[in-house]
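To start, the structure under review is shown below, and the notes come after it.
Numbers here are sequence positions counted from 1. Note that the structure is a prediction, hence the values are computed from the model and not measured.
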Amino acid sequence: MTERRLLLAGAALAAAMALAGIGGARAFATPSLSSLPKGPVLAHAIERGKLIVGVRRYPRPAPPEAPTPPEPDAFDATLARQLAASLGIPLELVGLDPAVQEAALREGRVDLLVAGVPASSAAQDIASAPGSYDTGRGLVVALRRGKVQDEAALRGASVCVGEGSGYAGAVSQRYGAQPRSYPSSVHAASAFMAGECAALAEDGEVLERLMQNNKEWRFYKPLASDVRLPSDAAIRLADGDAASRDYLAAALRQWRSDGTLAKARDARAGNLQFEITLLKDGFVCHS
């Protein structure tokens with residue numbers, strides 16, 4: 001009986017220690033986003049009652065006789081929705097062409113830009129929240145019997161990339177290739193399949209899925225793998241608002257740790273695979 005009491009007492013002590021450990025862990029846990037201060041940019045959005053975010057846009061593949069208007073990039077839109085939800089306000093998406101994105105931010109037409117990697121270094125009056133929302137491993141593919149058969153042959157070769165893709169900088173810096181940008185990743189894939197570029201650089205998960213599951217992609221082969229992004233796909237905002245910038249950085253850290261970014265990237269891979277697959281059915285990428 002005494003032995004039984006000792007066992008029960010030991011179990012109770014272990015449970016109490018475990019609960020204490022949980023409490024301690026909670027005490028040192030990262031504070032929730034709702035408790036973090038919001039700077040002028042985010043505070044103004046909350047006061048207005050909606051967050052306005054500029055994103056990439058492109059027309060989806062469609063029959064030649066029935067072009068569709070450009071629509072917001074789904075990956076950008078997903079992250080913008082997460083941001084608005086974290087602030088507890090509705091979202092307004094504004095699809096922007098690359099040439100007008102920073103002007104829209106400067107002029108206050110959008111609160112934030114979620115539009116991939118900027119084509120040039122950020123201007124002095126535009127800040128980027130630390131951290132990248134696109135951390136994928138890239139892959140470069142080429143024709144199995146084309147002119148480019150190894151990494152060395154990429155020097156000076158044209159490589160199709162989507163607008164805002166960090167792989168543009170990666171293939172340029174690492175291989176000396178000449179990136180050629182298109183309105184979206186599916187436009188870049190379409191151009192590559194049409195022979196406009198010697199190679200295509202895209203998220204490895206997307207290209208691996210295509211080469212495994214689509215007969216049309218048996219003509220292509222991996223040329224360079226594990227291509228890392230040299231630049232961040234950063235959330236951009238007007239400079240001078242450190243509190244809002246820190247809030248956005250904290251949001252990225254949280255989404256990285258809780259799987260939100262991984263789920264968004266997986267959804268992007270599925271959407272892009274579907275859109276590229278439509279090309280074999282006679283759909284075209286209107287620009």
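Of the possible polar contacts, none joining the Ser172 side chain to the Gln178 backbone as a donor-acceptor pair under 3.5 Å is found. A side-chain donor-acceptor contact under 3.5 Å links Arg180 to the backbone of Glu196. With hydrogens and angles ignored, the 3.5 Å screen pairs a side-chain donor or acceptor of Thr78 with a backbone N or O of Ala74. Checking side-chain atoms of Thr68 against main-chain N and O of Pro59 turns up no donor-acceptor pair under 3.5 Å. The backbone N or O of Phe283 lies less than 3.5 Å from no partner atom in the side chain of Asp281, so there is not a single donor-acceptor pair. No donor-acceptor pair under 3.5 Å is formed between the side chain of Ser244 and the backbone N or O of Asp241. Counting only distance, with no hydrogens or angles, the side chain of Arg56 and the backbone of Val114 share no donor-acceptor pair below 3.5 Å. Ser231 places no side-chain N or O within 3.5 Å of a backbone atom of Gly166 that could act as its donor or acceptor partner. Under the 3.5 Å distance criterion, the side-chain polar atoms of Tyr133 are matched with a main-chain donor or acceptor of Gly116. In this structure, Gln149 contributes its side chain and Leu143 its backbone to a donor-acceptor pair below 3.5 Å.
No more than 12 heavy atoms of other residues, nucleotides or ligands shown are found within 6.0 angstrom of CZ on Arg155. The environment of CD in Glu47 is sparse: at most 12 heavy-atom neighbours from other residues, nucleotides or ligands sit within 6.0 Å. Sparse packing is recorded around NZ of Lys50, with 12 or fewer heavy atoms of other residues, nucleotides or ligands lying under 6.0 Å away. Residue-environment remark: CZ (Arg145) stays at or below the threshold of 12 foreign heavy atoms within 6.0 Å.
How far CZ of Arg106 is from CD of Gln101: 11.5 Å, rounded to the nearest 0.5 Å. Going from atom CG of Asp111 over to atom CD1 of Ile235 covers 12.5 Å, rounded to the nearest 0.5 Å. To the nearest 0.5 Å, atom OH of residue Tyr167 and atom CZ of residue Arg174 are 11.5 Å apart. Rounding to the nearest 0.5 Å gives a distance of 10.5 Å between OG of Ser34 and CG of Leu87. Expressed to the nearest 0.5 Å, how far CG of Leu36 lies from OG of Ser86 amounts to 9.5 Å.
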Tell me, with the steps shown, if Ser190 and Tyr182 meet side-chain hydrogen bond (donor to acceptor under 3.5 Å, both in side chains). CA-CA 10 Å; Ser190 176; Tyr182 290 84; over 6 Å; no
For side-chain contact (heavy atoms from CB on, under 4.5 Å), just list the numbers for Val148 and Leu154, CA-CA rounded to whole Å, side-chain angles, deciding distance to a tenth of an Å, and then say yes or no. CA-CA 7 Å; Val148 177; Leu154 282 170; 4.0 Å; yes
Residue pair Arg236, Glu102: steps toward the side-chain contact (heavy atoms from CB on, under 4.5 Å) verdict: CA-CA 9 Å; Arg236 286 170 277 167; Glu102 292 188 350; 3.7 Å; yes
List the steps and the verdict of side-chain contact (heavy atoms from CB on, under 4.5 Å) for Leu237 and Ile126. CA-CA 6 Å; Leu237 70 164; Ile126 293 177; over 6 Å; no
Residue pair Trp217, Asn214: steps toward the side-chain contact (heavy atoms from CB on, under 4.5 Å) verdict: CA-CA 6 Å; Trp217 283 76; Asn214 291 272; 3.9 Å; yes
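Phe219 and Phe192 end up in the same hydrophobic cluster when Ile, Leu, Val, Met, Phe, Trp and Tyr side chains are linked at under 4.5 Å. Residue Val41 is grouped with residue Leu33 when hydrophobic side chains (ILVMFWY) are merged at heavy-atom distances under 4.5 angstrom, including chains of intermediate members. Under a hydrophobic clustering in which Ile, Leu, Val, Met, Phe, Trp and Tyr are joined whenever their side-chain heavy atoms come within less than 4.5 Å, directly or via other members, Ile89 and Tyr247 fall into the same cluster. A continuous path of hydrophobic side-chain contacts links Leu261 to Leu91 [ILVMFWY only; heavy atoms under 4.5 Å]. No single ILVMFWY cluster, assembled from side-chain heavy atoms under 4.5 Å apart, contains both Phe75 and Val186.
Ring geometry, His187 versus Tyr58: the interplanar angle exceeds 60°, so the pair is classed perpendicular (tilted spans 30 to 60°).
Closest approach of Leu139 to Leu207, counting heavy atoms only: O-CD1, 3.5 Å. Ala129 and Ala234 get closest at one heavy-atom pair: O-CB, 4.0 Å. The nearest pair of heavy atoms linking Leu93 to Ala77 is CD1-CB, 3.5 Å. Across all their heavy atoms, Ser158 and Cys197 have their closest contact at OG-CA, 3.3 Å. Pairing each heavy atom of Ala168 with each of Pro179, the nearest pair is O-CG, 3.6 Å. Leu51 and Ala80 get closest at one heavy-atom pair: CD2-O, 4.4 Å.
Between Lys280 and Glu216, no side-chain nitrogen of the basic residue sits less than 4.0 Å from a carboxylate oxygen of the acidic one, so the salt-bridge criterion is not met. The existence of a salt bridge linking Glu71 and Arg57 is excluded, since no basic side-chain nitrogen approaches an acidic carboxylate oxygen closer than 4.0 Å. Using a 4.0 Å cut-off between a side-chain N of Lys or Arg and a carboxylate O of Asp or Glu, Arg209 and Asp266 qualify as a salt bridge. The pair Arg137-Glu208 meets the salt-bridge criterion, since a charged nitrogen lies less than 4.0 angstrom from a carboxylate oxygen.
A heavy-atom distance below 4.5 Å is not found between the side chains of Ile46 and His44. Looking at heavy atoms from C-beta onward, Leu200 lies out of side-chain contact with Val159 at the 4.5 angstrom threshold. Between Met211 and Lys221, every side-chain heavy-atom pair lies at or beyond the 4.5 Å cut-off. In this structure, Arg109 and Val94 have side chains that are not in contact, with every pair of non-hydrogen atoms separated by 4.5 Å or more. Leu223 is not listed as a side-chain neighbour of Val141, based on a closest heavy-atom distance of 4.5 Å or more. Between Gln273 and Glu205 there is no side-chain heavy-atom pair separated by less than 4.5 Å. Taking the side chain as every heavy atom from C-beta outward, Val117 and Asp232 never approach each other to under 4.5 Å. In this structure, Pro130 and Arg245 have side chains that are in contact, with non-hydrogen atoms separated by less than 4.5 Å.
For Cys285, there are no disulfide (SG to SG under 2.5 Å) partners two or more places apart in sequence or in a different chain.
Test Leu113, Leu105, Val55 against Leu96 for side chain to side chain contact (heavy atoms under 4.5 Å, CB included) and you get one pass: Leu113.
Between the side chains of Asp258 and Thr260, at least one donor-acceptor pair of N or O atoms lies under 3.5 Å. For the 3.5 Å distance criterion, the side chains of Ser185 and Arg268 qualify, holding a donor opposite an acceptor.
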